[in-house]
J.: 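The structure follows.
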Amino acid sequence: MILVRDHIAQLIAEAIHIAQKKGELPSFELPEVPVTRARDETFGDYASPICMTLARVARMAPLAIAQRVLAHLPSAPYIGKVEAAHPGFINITLAPQWLSQQVEVILAEGERFGQVDLGKGRSVQVEYISANPTGPLTVGSGRNGVLGDALANVLAAAGWRVQREYYVNDTGTQVELFAASLYARYAQALGRDEPLPEGGYPGSYLVEMGHQLAREYGDRFLTMERSQAITALREEGLKRMLASIQADAAALGIHFDNWKSERSLYEDGTYSLVFNRLSAGGWLVYRDGAVWFTETPHRSSGEVQGEQPTQAGAKDGTDKDNVVVRSDGRPTYFASDIAYVWDKLVTRGFDRAIYVWGADHQGHVPRMKAVTRALGLDPDRITIILYQLVTLKRGGELVRMGKRTGEIITLREVIEEIGADATRFMLLTRAADSQMELDLTLAVQQSSENPVYYVQYGHARIASIFRYAQERGFSPEGGDVRLLTHPAELALIRQMVRLPETVALCAETLSPHHLTHYAQELATAFHAFYKDCRVVSEDAGHAAIGRARMKLVQAAKIVLANTLRLIGVSAPESM
RNA sequence: GUCCUCGUAGCUCAGGGGAUAGAGCGCAGCGCUGCGGACGCUGAGGUCACAGGUUCGAAUCCUGUCGAGGACGCCA
């Protein structure tokens, strides 16, 4: 389906060229033509300020340009009225006949309505949450998950082949600390006086897991050698943590296509491959006993490398170096990230890879880009979406969080307190880069008036209309959508046909939060229509319009359902 | 100290260089003797943190100040 927005831009560009050819406008290089939704409905549906931009280069008044452009604007079935407006806008109103016809289009497309083809079959991997499997998911992980999941939905709807992945940090310092902590809790459960290791995980969930393991296995792990026991408990603990994480994610409607093991990157040779590659390229330096990745490579051949206008290059730039292998020989997680990006872009060959990271990882973005370039790959193929951390409050009191500090408000608790749909909608309504404060007492109080219910209510209301109609033997069969001319009907259709553009917007800007705002506007248009327009009635003379309105309402239900599906919340038949 | 993100209505937040800056909640009112009132309508409420700059035009872009959060070579 073509986007009306883009098509209008094309038509305006054509009109300008025609006017130029006829000498009505001077010749100049045409910049991209911006087309936006009109700010106010009295201006129509779409507007372009292009003529104001052109005023200088054309040396004409914007309004005069607009008038000459409009004189040559090619016609299109969706265009109703075009106007040049002060101080130089081109305003376009959609044709009512075209709008009403869209009801049939939507009915025909069904679940596919809203899809656009921006991806053109290219593949993209969206990797999200990827929290350390050393504790339960936090609210921050929830925000991460909801962002990533909705983004994956949107990209799929925008014509990309999408894979959803969870990266499992199943190796490294934190995992060892986790295992040692679990060992301590397990031993304690069996009455041993075993202290929690330095920097270990104090959370109560490990106390519980320790007891569970003690119940299930008795003292089996105490009779073996300590290091062997810790290894065994690590595997058992990881398995259980991952199962619990998977369940928490599922409670928010999040399901992954693949769980990628960090450890596997070492076992399958990816790590040594990228290490050798970087080494050969001169990107690795040895200093203080460690191996560093440097963004200013030392080439033994002395060949001049490409333009590297790093201002800071005057200094030797070592402050930008990052440790890949520690002085004790263990690789850092940055080493894993290097192998992982190779795995994504080369081994598995995704056209794009999208990471969703908390803002506390922002410092790592430049070096991920740098190392991707160093591997000989186009850094634009990876995109890292940063979201601001959620600060939690309870009754105005700040709640500190973190697996390592012990006190945690888990995602699970929040879902249980305010509901999965409300949680998901709430986390998705804000742009990723907005800092958000979540007061649980307030959220619980307000969850019943969460906008998500307003949208879902629209869907349920339509379902109810159909139940009512069916009892009385009414059906949309044979309805003539040309009868849909009431302002409230057209206003509803206007909102419905915005879905493809909203999907495009979300996919282009990788910001799915527009969906929730759109959903509310769509629901508002429906509720207003419902107020003004009777759908099912036995009144004389109502039969024809009744059938047409049933078609409209059926289409509205499809659009609401498609939108809710993209957001990732349910579309209930009743509530 | 350096760097990144943010600062918009009482609260939580939208606003891809353009027209009179919007929504939800809260607040003050109004509306149902037919399809779900988890609804509809109206109103009050703003120095878009502050100061400069670019531009025909800035909430939006640039610089600085203040404020919030975050990051700064062997944690992730």
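In what follows, every chain begins at residue 1, and chains take the letters A, B, ... in the order their sequences are listed.
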J.: Pull out every protein N or O sitting under 3.5 Å from an N or O of nucleotides 16-19 of chain B, one pair per line with the distance.
T.:
unit_1, atom_1, unit_2, atom_2, d
B/G18, O6, A/T53, N, 3.4
B/G18, O6, A/T53, OG1, 3.3
B/A19, OP2, A/R39, NH1, 2.1
B/A19, N6, A/N91, OD1, 2.8
B/A19, N1, A/N91, OD1, 3.3
B/A19, N1, A/N91, ND2, 3.1

J.: Using a cut-off of 4.0 Å on non-hydrogen atoms, how would the nucleic acid contact of A/Y530 be classed: base, sugar-phosphate, or nothing?
T.: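 Touches a base.
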
J.: Once you apply a heavy-atom cut-off of 4.0 Å, does A/D288 come out as touching a base, just sugar-phosphate, or nothing?
T.: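 Base, at least one base heavy atom under 4.0 Å.
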
J.: Would A/H527 and A/Y454 count as a close aromatic pair, with their ring centres under 6.0 Å?
T.: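 Distance test on ring centres: under 6.0 Å, yes.
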
J.: Counting only Watson-Crick pairs (N1-N3 plus N6-O4 or O6-N4) and G-U wobbles (N1-O2, O6-N3), all under 3.5 Å, who is the partner of B/U47?
T.: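 Partner of B/U47: none.
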
J.: When all nucleic acid strands are considered with a 4.0 Å heavy-atom cut-off, which category describes A/H361: base, sugar-phosphate, or nothing?
T.: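 Base contact.
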
J.: Between the base of B/A76 and the side chain of A/H364, is there a donor and acceptor pair under 3.5 angstrom?
T.: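 A donor-acceptor contact between them is present.
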
J.: OP1, OP2 of B/A14 versus side-chain N and O of A/S434: anything below 4.0 Å?
T.: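 Result: yes.
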
J.: Using a 4.0 Å heavy-atom cut-off across all strands, classify A/Q362 as base, sugar-phosphate, or nothing.
T.: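 A/Q362: base contact, heavy atoms under 4.0 Å.
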
J.: For A/R472, report the nucleic acid contact type (base, sugar-phosphate, nothing); a contact means any heavy atom under 4.0 Å.
T.: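 Contact class for A/R472: none.
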
J.: Using a 4.0 Å heavy-atom cut-off across all strands, classify A/E437 as base, sugar-phosphate, or nothing.
T.: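 Sugar-phosphate contact only - A/E437 comes under 4.0 Å of backbone atoms but never of a base.
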
J.: What is the base-pairing partner of B/C61, counting Watson-Crick and G-U wobble geometry with both distances under 3.5 Å?
T.: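 Base-paired to B/G53.
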
J.: Looking across every strand, which nucleic acid part, if any, lies under 4.0 Å from A/A55 by heavy atom: base, sugar-phosphate, or nothing?
T.: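 No contact.
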
J.: Quick one: label A/M575 by what it contacts on the DNA or RNA (base, sugar-phosphate, nothing), any heavy atom closer than 4.0 Å.
T.: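 Counting heavy atoms under 4.0 Å across all strands, the contact made by A/M575 includes a base.
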
J.: At under 4.0 Å between heavy atoms, what does A/C51 touch on the DNA or RNA strands: base, sugar-phosphate, or nothing?
T.: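 It contacts nothing in the nucleic acid.
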
J.: List in numerical order all residues of residues 324-331 of chain A for which some heavy atom is under 4.0 Å away from an atom belonging to RNA chain B.
T.: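 A/R326, A/S327, in order of number.
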
J.: Taking the side chain as every heavy atom from C-beta outward, state whether A/V35 and A/V4 have any pair of such atoms under 4.5 Å apart.
T.: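 No, too far: nothing below the 4.5 Å cut-off.
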
J.: Students often get this wrong, so: under 4.0 angstrom with heavy atoms, is A/S537 touching a base, only sugar-phosphate, or nothing?
T.: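 Base contact.
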
J.: Which part of the nucleic acid does A/T516 contact within heavy-atom distance under 4.0 Å: base, sugar-phosphate only, or nothing?
T.: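 Counting heavy atoms under 4.0 Å across all strands, no contact is made by A/T516.
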
J.: Whole Å only: how far is the CD atom of A/Q456 from the C1' atom of B/A38?
T.: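 To the nearest whole Å, that distance equals 10 Å.
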
J.: Under 4.0 Å, heavy atoms only, any strand: does A/A460 hit a base, just the sugar-phosphate, or nothing?
T.: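 Base, at least one base heavy atom under 4.0 Å.
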
J.: In whole angstrom, give the distance that lies between atom CG of A/D439 and atom C1' of B/C13.
T.: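 Answer to the nearest Å: 16 Å.
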
J.: Could you work out the separation of B/G52 and B/U20 based on their C1' atoms and round it to a whole Å?
T.: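 Each nucleotide's C1' atom is 27 Å from the other's.
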
J.: For B/G40 and A/Y454 - does any side-chain N or O of the residue sit under 4.0 Å from the phosphate oxygens OP1/OP2?
T.: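 Yes.
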
